[in-house]
Protein chains: 2
Amino acid sequence: MNDKVMSIGTVCDLTGLTERQIRYYEEKQLIFPVRTKGGARKYSFDDVERVKEINIKLRDGFHTFELRKAGRACGE
Amino acid sequence: MNDKVMSIGTVCDLTGLTERQIRYYEEKQLIFPVRTKGGARKYSFDDVERVKEINIKLRDGFHTFELRKAGRACGE
DNA sequence: CGTGTAAGGAATTCTGACACG
DNA sequence: CGTGTAAGGAATTCTGACACG
């Protein structure tokens, strides 16, 4: 589930979010898709789950910079 | 692993085969990708494994029509 | 039969920017 | 801050065909 295989359009289908939102989360260092030779982003299923979680947290009032370390550590 | 999420280019990367080969296997009813609104094929990880297996069988001398039922039944 | 290729079109994705608030 | 959109370009994929054998 860690294989970066899907393009942003598929992530949109799976999450219901827009390309803009997904690219923004990357810009804010919350997700890290890989790039094809042509420059297209490729995501994993784990990324999809992460994106969903990020969106929920944002709706809950958190800010992107507060979610940056949310992968493991939460203290500080 | 049954989610149809990757485009043909990704399948090529994962299998080392060409788009031509992958499309041909579909034409011969050996794999069944889904289509996006735009007409692009989407494959699952299971499809990737299947494609690899098909290619090996072909190298072993089998013909596409002999691999059609190979999913479950093999008698007859 | 299984696969290569050149051909033209259509759909996808990319970046940087202006906008709102 | 997080997200929407119009803008133009570049990369991806599609189909049908001719080729070889």
Side-chain angles (χ1 to χ4, degrees), chain A residues 3-71 74, chain B residues 3-71 74:
Chain A
D3 298 44
K4 307 280 189 179
V5 298
M6 47 188 135
S7 52
I8 197 164
T10 305
V11 179
C12 290
D13 290 342
L14 262 40
T15 63
L17 304 185
T18 64
E19 298 184 2
R20 183 68 163 101
Q21 291 174 298
I22 298 169
R23 294 204 190 98
Y24 183 69
Y25 298 165
E26 175 186 10
E27 188 182 314
K28 290 307 176 184
Q29 306 270 284
L30 303 183
I31 48 176
F32 306 91
V34 296
R35 297 285 184 140
T36 64
K37 326 76 201 166
R41 275 165 268 246
K42 288 293 181 181
Y43 305 84
S44 66
F45 278 100
D46 284 347
D47 287 331
V48 170
E49 291 311 307
R50 178 103 171 101
V51 166
K52 287 180 185 173
E53 199 181 298
I54 291 169
N55 186 252
I56 292 175
K57 290 281 180 59
L58 287 179
R59 286 183 171 292
D60 287 348
F62 288 95
H63 287 266
T64 55
F65 62 84
E66 299 177 285
L67 302 176
R68 202 162 300 167
K69 295 182 169 184
C74 286
Chain B
D3 297 44
K4 309 279 189 180
V5 299
M6 47 188 134
S7 54
I8 196 164
T10 305
V11 179
C12 290
D13 290 344
L14 262 40
T15 63
L17 303 185
T18 65
E19 297 184 4
R20 183 69 162 101
Q21 291 174 297
I22 298 169
R23 294 205 191 98
Y24 184 69
Y25 299 164
E26 174 186 9
E27 187 181 315
K28 291 306 174 184
Q29 305 272 285
L30 304 183
I31 48 176
F32 307 90
V34 296
R35 298 286 183 137
T36 64
K37 326 75 201 167
R41 275 165 267 248
K42 289 294 180 181
Y43 305 83
S44 66
F45 278 101
D46 283 347
D47 288 330
V48 171
E49 292 311 308
R50 178 102 171 102
V51 166
K52 288 180 184 172
E53 199 181 299
I54 292 169
N55 187 252
I56 291 175
K57 290 282 179 60
L58 288 178
R59 287 183 171 289
D60 286 348
F62 287 95
H63 288 266
T64 54
F65 61 83
E66 300 177 285
L67 302 176
R68 201 161 301 166
K69 296 180 168 185
C74 286

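A quick note: this is a predicted structure, and the numbers were derived from the prediction, not measured. Sequence lines set the chain letters: A, B, ... in the order given, protein chains first and strands last, and positions in each chain run from 1. Heavy-atom basis, side chains included; hydrogens, waters and symmetry copies ignored.
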Contact list (N/O, under 3.5 angstrom) for nucleotides 12-19 of chain C vs protein:
{"unit_1": "dT13(C)", "atom_1": "OP1", "unit_2": "Ser7(A)", "atom_2": "OG", "d": "2.9"}
{"unit_1": "dT13(C)", "atom_1": "OP1", "unit_2": "Gly9(A)", "atom_2": "N", "d": "3.0"}
{"unit_1": "dC14(C)", "atom_1": "OP1", "unit_2": "Arg41(A)", "atom_2": "N", "d": "2.9"}
{"unit_1": "dC14(C)", "atom_1": "OP1", "unit_2": "Arg41(A)", "atom_2": "NE", "d": "2.7"}
{"unit_1": "dC14(C)", "atom_1": "OP2", "unit_2": "Arg23(A)", "atom_2": "NE", "d": "2.9"}
{"unit_1": "dC14(C)", "atom_1": "OP2", "unit_2": "Arg23(A)", "atom_2": "NH2", "d": "2.7"}
{"unit_1": "dT15(C)", "atom_1": "OP1", "unit_2": "Arg35(A)", "atom_2": "NH1", "d": "3.0"}
{"unit_1": "dT15(C)", "atom_1": "OP1", "unit_2": "Arg35(A)", "atom_2": "NH2", "d": "3.1"}
{"unit_1": "dT15(C)", "atom_1": "OP2", "unit_2": "Arg41(A)", "atom_2": "NH2", "d": "2.3"}

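OP1 or OP2 of dT3(D) sits under 4.0 Å from a side-chain N or O of Tyr25(A). Phosphate contact (OP1/OP2 of dT3(C), side-chain N/O of Asn55(B), threshold under 4.0 Å): present.
Separating the CD1 atom in Ile22(A) from the CG atom in Leu30(A) is a distance of 12.5 Å, to the nearest 0.5 Å.
Note: OH (Tyr24(A)) to P (dG2(D)) measures 4 Å, nearest angstrom. Taking atom CG on Leu17(B) and atom P on dT3(C), their separation rounds to 8 Å, with Å as the unit. In this structure, Asp60(A) atom CG and dG2(D) atom P are separated by 14 Å, rounded to whole Å.
Taking the side chain to side chain contact (heavy atoms under 4.5 Å, CB included) definition, one finds that Glu26(A) meets it with Ile31(A), Pro33(A), Arg35(A), Arg41(A), Tyr43(A), sequence neighbours left out. Applying the side-chain hydrogen bond (donor to acceptor under 3.5 Å, both in side chains) test to Thr64(A) and every residue at least two apart in sequence or in another chain returns nothing. Under the side chain to side chain contact (heavy atoms under 4.5 Å, CB included) criterion, Phe32(A) pairs with Gln29(A), not counting sequence neighbours.
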Can you give the donor-acceptor pairs under 3.5 Å from side chains of residues 11-20 of chain B to other protein atoms, not counting sequence neighbours?
{"unit_1": "Asp13(B)", "atom_1": "OD2", "unit_2": "Lys37(A)", "atom_2": "NZ", "d": "3.2"}
{"unit_1": "Thr15(B)", "atom_1": "OG1", "unit_2": "Val11(B)", "atom_2": "O", "d": "2.8"}
{"unit_1": "Thr15(B)", "atom_1": "OG1", "unit_2": "Leu17(B)", "atom_2": "N", "d": "3.1"}
{"unit_1": "Thr18(B)", "atom_1": "OG1", "unit_2": "Gln21(B)", "atom_2": "N", "d": "3.2"}
{"unit_1": "Thr18(B)", "atom_1": "OG1", "unit_2": "Gln21(B)", "atom_2": "OE1", "d": "3.3"}
{"unit_1": "Glu19(B)", "atom_1": "OE1", "unit_2": "Arg23(B)", "atom_2": "NH2", "d": "2.7"}

Watson-Crick and G-U pairing of DNA chain C written in dot-bracket, each distance under 3.5 angstrom, with | for inter-strand partners: .||||.||.|.|.||.||||.
Pair Glu49(B)-Glu53(B), side-chain contact (heavy atoms from CB on, under 4.5 Å): steps then yes or no: CA-CA 6 Å; Glu49(B) 292 311 308; Glu53(B) 199 181 299; over 6 Å; no
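Not one N or O on the side chain of Asp60(B) forms a donor-acceptor pair closer than 3.5 Å with the backbone of Lys57(B).
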